[in-house]
Protein chains: 2
Amino acid sequence: MLKDKPVIAPHECVDCPIRHRAVCARCDVNELEELEAIKYYRSYEAGQTVIWSGDRMDFVGTVVSGIGTLTQTMEDGRTQMVGLLLPSDFVGRPGRDGSAYDVVATTDLVMCCFRKRPFEQMMERTPHLSQRLLEMTLDELDAAREWMLVLGRKTAREKIASLLSIVARRDASLKLGVPDGPLVFDLPLTREAMADYLGLTLETVSRQISALKRDGVIHLEGKRHVTIPDFTRLMEEAGDDSDGGMLV
Amino acid sequence: MLKDKPVIAPHECVDCPIRHRAVCARCDVNELEELEAIKYYRSYEAGQTVIWSGDRMDFVGTVVSGIGTLTQTMEDGRTQMVGLLLPSDFVGRPGRDGSAYDVVATTDLVMCCFRKRPFEQMMERTPHLSQRLLEMTLDELDAAREWMLVLGRKTAREKIASLLSIVARRDASLKLGVPDGPLVFDLPLTREAMADYLGLTLETVSRQISALKRDGVIHLEGKRHVTIPDFTRLMEEAGDDSDGGMLV
DNA sequence: CGACGTTTTGAACAAGGTCAAGTCGTGTGG
DNA sequence: CCACACGACTTGACCTTGTTCAAAACGTCG
């Protein structure tokens, strides 16, 4: 799994790949210039910890590429993933010094960071920034609540199907457009990471994935490369309404 | 349980009991006056549904008194509570028309409502409002994530202890000051509502409450009146760090 | 080839769920 | 005033789901 060390992406904000989805989405050219002045890139290798829970955080930032996780751990070692960080997601909380969670790079990860103080100051005088952050936070809150239903009430099989459908959907939306044929993607998570996300053990995750494969809901090439022949079927397995609960 | 019908509270914002914690907390007198013009009170009796999931919502608002719940339901009837609404909590999402959840009054409930359009317009030109809402939303997100750990990784006994400690803490903070003696409060939830919050069945909730009583972690008078002789002990039972994970 | 991390599979076990009585407390009607 | 009906709660016996512990298979890298 040893790869080239991730390269610092030398983007101008103007041609940033996630510009229209990130916290800066509503900023005008002047505001972008201002951001440009306080931003810098950091990159992490797969497996690296970005921040430990409780650590002082002197920056906030946006995931540019790669995948990260937000996890909470109890003293005895039980861990629960509480968030998946995909490109354009925001990390850190303005107005708070310490991180409440462990942030870990699951794949190689590039982040666009802003020193916290200057960013906070800019937020105070830039409604475009705080409005967008509010919108993103509300979306995350909805996602967290949807996940509460998954954790609290779904069976192991439904949990796996839910995770697969979320990853499939997010992946499809990155590749813009709805291909509507069979969905194909690579799982960015190990069985253990999936277990931590779903509140299961890795053995149960493995068994349920095998079962979904056996039942033709998914196809696997190797351990990670997934094909979903019928997305509606997967949604049914997830116990979700087939419309995906879309809201304005 | 038949009581007087809840009376509409005729508050001036200036002497509103939850003014310093609600979405209007940062507003100055002029802004309060502006809010005053678009606000009105609604009240609900215990058990009434405030909004059904999917329904169009033409208002947003703040809980003034009483307790409500936010729940999600699957087609087959499994339900999961995704939020507890206490005084000063905000209901509704600016920028979205439909409610994503069922909102139910658990006790008699009074809400301070704003028509959605005017409120959204005011938010656009009133940073004090959107900044405060951002802060509150971030707090809710943290609470939701903490709850994900409860749902995903804690045992039934730990779940009950977690719920009790949250209710106890919230209750103590309303009665301002830290009495530091034994905590005493009334459970605002039925066993079934607790089960829906914790991802358990009501039988398991009942058994675990009996067990905590038997072990002296809590005392009960009747079914709902709870005394916590030793809060630290309760926190241990909840599997939490005894410091309560306080962050700035 | 051999070592290591990841994943799969099996068998025994336990936590919590399900189903079924029963209790308790309160309000209602005879 | 008492009987009883109703809803909220408790308790018991049994069963299912997912966990635990253990071993083996797989794949990649050195």
Side-chain angles (χ1 to χ4, degrees), chain A residues 1-4 45-47 74 76-80 106-107 150-164 186-215 218 220-226 237 239, chain B residues 1-4 45-47 74 76-80 106-107 150-164 186-215 218 220-226 237 239:
Chain A
M1 200 87 173
L2 207 54
K3 304 200 189 111
D4 301 311
E45 288 176 52
M74 297 171 64
D76 62 5
R78 283 176 280 176
T79 76
Q80 174 66 49
T106 290
T107 65
V150 173
L151 290 173
R153 291 302 185 194
K154 292 196 177 178
T155 64
R157 171 182 262 244
E158 288 170 334
K159 285 179 175 184
I160 298 289
S162 297
L163 177 58
L164 291 174
D186 282 302
L187 268 178
L189 302 173
T190 64
R191 299 288 185 263
E192 187 178 22
M194 289 191 250
D196 283 344
Y197 204 176
L198 298 166
L200 298 170
T201 59
L202 65 86
E203 292 93 332
T204 301
V205 169
S206 181
R207 275 187 252 273
Q208 294 300 334
I209 288 183
S210 299
L212 288 174
K213 185 171 70 175
R214 190 179 332 112
D215 299 345
I218 62 175
L220 281 185
E221 269 172 78
K223 311 294 187 188
R224 301 286 194 87
H225 193 76
V226 182
E237 293 287 354
Chain B
M1 201 80 172
L2 206 54
K3 306 201 189 109
D4 301 313
E45 288 176 53
M74 296 172 65
D76 62 6
R78 283 176 280 176
T79 76
Q80 174 65 50
T106 290
T107 64
V150 173
L151 290 173
R153 291 303 186 194
K154 292 195 176 180
T155 64
R157 171 182 263 243
E158 289 169 333
K159 285 180 175 183
I160 298 288
S162 297
L163 177 58
L164 291 175
D186 282 302
L187 269 177
L189 302 173
T190 63
R191 299 288 184 264
E192 187 179 21
M194 289 190 252
D196 283 344
Y197 204 177
L198 297 166
L200 298 171
T201 59
L202 64 87
E203 293 94 330
T204 300
V205 169
S206 181
R207 274 187 255 272
Q208 295 300 333
I209 288 184
S210 299
L212 287 174
K213 185 170 71 173
R214 190 179 334 110
D215 299 345
I218 61 175
L220 281 184
E221 269 173 76
K223 311 295 187 186
R224 301 285 194 89
H225 193 74
V226 182
E237 292 288 354

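None of these values were measured; they are calculated from a predicted model. Proteins come first, then strands; the chains are lettered A, B, ... in the order of their sequence lines, and each starts at number 1.
- A side chain to side chain contact (heavy atoms under 4.5 Å, CB included) with B/T155 is found for exactly one of B/R153, B/K159, B/E158, namely B/E158.
- Summarising the geometry, the separation between CD1 on A/I160 and C1' on D/dG18 is reported as 12 Å, rounded to the nearest angstrom.
- Of the options A/T201, A/T79, A/T190, a side chain to side chain donor-acceptor pair (under 3.5 Å) to A/D196 is made by A/T79 and by none of the others.
- As a whole-Å value, the separation of A/R153 CZ from C/dT18 C1' is 13 Å.
- Minimum interatomic distance between A/M74 and B/G239 (heavy atoms only, all atoms of both residues): CE-O, 3.7 Å.
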With sugar-phosphate taken as primed atoms, P, OP1 and OP2 and all else as base, the protein-contact string of nucleotides 5-16 of chain C at under 4.0 Å (heavy atoms; B, S, -) is --SBBBB----S
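- Closest non-hydrogen pair, A/L189 versus A/M194, comes out as O-CE, 3.7 Å.
- Between the CZ atom of A/R78 and the P atom of D/dT19 there is a distance of 13 Å, rounded to whole Å.
- Contact detail for A/R191 and A/V205: the closest heavy-atom pair is CD-CG1, 3.9 Å.
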